[in-house]
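Here's the structure we're looking at; comments come further down.
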Amino acid sequence: MPRSKTLPAELDPSARQLVARLRRLKDHSELTMRQLAAKTGYSAKSWERYLGGVSLPPREAVEALARITGTDPVPLVALHEIAADSRDGRRARPAVQQQDEQHERDQGQPAGPTAPHSELTAAHSEPTSAPTPPRAAEPTLGRFPHIALTAGIAALAVALSAVLLLMLRLDDDAGQAAVTTSPRTTAASSPPSYTCRIARVDGRWSAGINQGRDTEIVYGASGADVAEAQCLLRRAGISPGGIDGMFGPLTLRAVKTFQDRAGLTVDGMLGPRSWKALRG
């Protein structure tokens, strides 16, 4: 399995957490970029950018990866929304700062050297009139909406950071302790597990998983037929990796090794002849 590239240092913490979770799902499923593209509808180049931290994946891509790996998509979608909000906040902040600076320049132009001259003239012409209120208060009132907007954006960023920290802590706690949920929820969030029960049935070897079917399976397949073949390969002394029902690189290598030993065509595909040799 090739080692993943280091994520960019400037990547947002929420986006970094999301990409790390997506990488673990891909590595566990042993899917290549080409298979990932075929199963999700997004190109291999797009997945390279998503898993490399170059660009934030669409929400639909995150849900598709969760679906094909048998993972609960709710935590992944929550991380994606936080990362998207943080990215949009960083984009909007420079524009607001530039607008504030322009407004300050516009408000500062009338308050030039002409103001004291006007007040002096008014003082000589009308000595008994009330003093003119300071003009310095006008720019402050004009800047108030922009200051409030900037403060609101800062408060939103702080709130998002707090939510992100809470999500990360909950995610770590869930990984260290068993969460009490209903059986239906647990089954939906974890991939299926298989147990090899090797026995001779009617003179043929069986693992007790696919009811003795000899269905043709190829690289990239998944399910009970693949798990049956993995058990029989292990019985023959060839390790296919884990008994997870995924026809990945390790299972492909084990099938080719068995076909070579059995004198069959080494094509990596389990057809009727390979099944017959496995069941012996």
Side-chain angles (χ1 to χ4, degrees), residues 1-5 21-52 57 61-71 190-280:
M1 185 70 64
R3 186 176 181 181
S4 301
K5 296 182 180 179
R21 293 284 298 275
L22 296 180
R23 282 184 173 186
R24 286 199 298 268
L25 290 178
K26 175 189 174 296
D27 293 341
H28 179 74
S29 62
E30 297 183 347
L31 292 173
T32 62
M33 288 294 186
R34 183 174 299 178
Q35 292 174 337
L36 198 57
K39 291 177 178 291
T40 62
Y42 293 85
S43 67
K45 291 292 184 181
S46 297
W47 277 111
E48 289 178 1
R49 294 195 301 271
Y50 301 155
L51 299 180
V62 175
E63 293 175 341
L65 180 56
R67 183 179 63 255
I68 65 175
T69 56
T71 304
S190 60
S193 59
Y194 302 94
T195 302
C196 298
R197 297 182 177 86
I198 302 297
R200 296 286 286 184
V201 179
D202 296 332
R204 304 173 67 204
W205 287 110
S206 172
I209 298 178
N210 73 340
Q211 290 78 42
R213 295 192 302 269
D214 294 342
T215 306
E216 182 178 287
I217 54 176
V218 296
Y219 182 76
S222 61
D225 294 328
V226 178
E228 176 88 6
Q230 290 173 334
C231 291
L232 295 178
L233 286 168
R234 181 173 290 180
R235 188 208 67 82
I238 305 173
S239 175
I243 309 299
D244 55 5
M246 299 291 295
F247 202 138
L250 296 179
T251 302
L252 176 64
R253 182 174 60 187
V255 170
K256 290 184 177 181
T257 300
F258 176 80
Q259 289 175 333
D260 182 62
R261 292 182 184 179
L264 302 172
T265 301
V266 182
D267 55 6
M269 179 181 67
L270 275 176
R273 294 184 179 180
S274 297
W275 276 111
K276 182 178 180 180
L278 278 175
R279 296 193 184 278

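Source: prediction; values computed, not measured.
Between Ala61 and Pro57, the shortest heavy-atom distance links the atoms CB-CB, 4.5 Å. Across Leu232 and Ala207, no two heavy atoms sit closer than the pair CD2-N, 4.3 Å. When all heavy atoms are compared, the tightest approach of Thr69 to Leu65 is OG1-O, 2.7 Å. The heavy-atom pair separating Ser43 from Ala37 by the smallest distance is C-CB, 3.7 Å. Among all heavy-atom pairs drawn from Tyr194 and Ala224, the shortest one is OH-N, 3.8 Å. Taking each heavy atom of Leu31 and Lys39 in turn, the nearest pair found is CD2-CE, 3.9 Å.
Note that CD of Gln259 is 10.0 Å distant from CD1 of Ile238, once rounded to the nearest 0.5 Å. Here the CG-OG distance, from Leu233 to Ser274, works out to 9.5 Å after rounding to the nearest 0.5 Å. Atom CG of Leu264 sits about 10.5 Å away from atom NZ of Lys276, to the nearest 0.5 Å. A distance of 7.0 Å separates OG of Ser29 from CG of Leu36, quoted to the nearest 0.5 Å. How far CH2 of Trp205 is from CD1 of Ile198: 7.5 Å, rounded to the nearest 0.5 Å. Distance check: Thr215 OG1 to Asp225 CG gives 4.0 Å after rounding to the nearest 0.5 Å.
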**Q.** Ile217 vs Trp275, side chain to side chain contact (heavy atoms under 4.5 Å, CB included): CA-CA, chis, key distance, verdict
**A.** CA-CA 10 Å; Ile217 54 176; Trp275 276 111; 4.1 Å; yes
Q. Step by step, would you call Arg279 with Glu228 a side chain to side chain contact (heavy atoms under 4.5 Å, CB included)?
A. CA-CA 10 Å; Arg279 296 193 184 278; Glu228 176 88 6; 3.1 Å; yes
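Between Trp47 and Thr40, the side chains place a donor N or O and an acceptor N or O closer than 3.5 Å (distance only, hydrogens not considered). Side chain to side chain, Gln230 and Thr251 meet the donor-acceptor criterion of an N or O pair below 3.5 Å.
For the pair Phe247/Val255, a side-chain contact is recorded, criterion being any heavy-atom separation below 4.5 Å from C-beta on. Gln35 is not listed as a side-chain neighbour of Lys26, based on a closest heavy-atom distance of 4.5 Å or more. Considering only heavy atoms from C-beta on, Glu30 comes within 4.5 Å of Leu250 through its side chain. By the 4.5 Å heavy-atom criterion applied to side chains, Ile209 and Cys231 are counted as neighbours. Between Asp214 and Arg204 there is a side-chain heavy-atom pair separated by less than 4.5 Å. Using a 4.5 Å heavy-atom threshold, the side chains of Ile243 and Thr195 count as separate. A 4.5 Å side-chain heavy-atom check between Phe258 and Leu270 finds every atom pair outside the cut-off.
In this structure, Thr257 contributes its side chain and Arg253 its backbone to a donor-acceptor pair below 3.5 Å. For Arg23 (side chain) and Leu51 (main-chain N/O), a donor-acceptor pair under 3.5 Å exists by modelled atom type. The backbone N or O of Asp267 sits nowhere less than 3.5 Å from a side-chain atom of Thr265 that would complete a donor-acceptor pair.
Annotation: Arg200, atom CZ; neighbour count of heavy atoms from other residues, nucleotides and ligands within 6.0 Å is above 12. Heavy-atom contacts from other residues, nucleotides or ligands closer than 6.0 Å to CZ of Arg273 number 12 or fewer. The neighbour count for Arg235 CZ, taken as heavy atoms of other residues, nucleotides or ligands under 6.0 Å away, is above 12.
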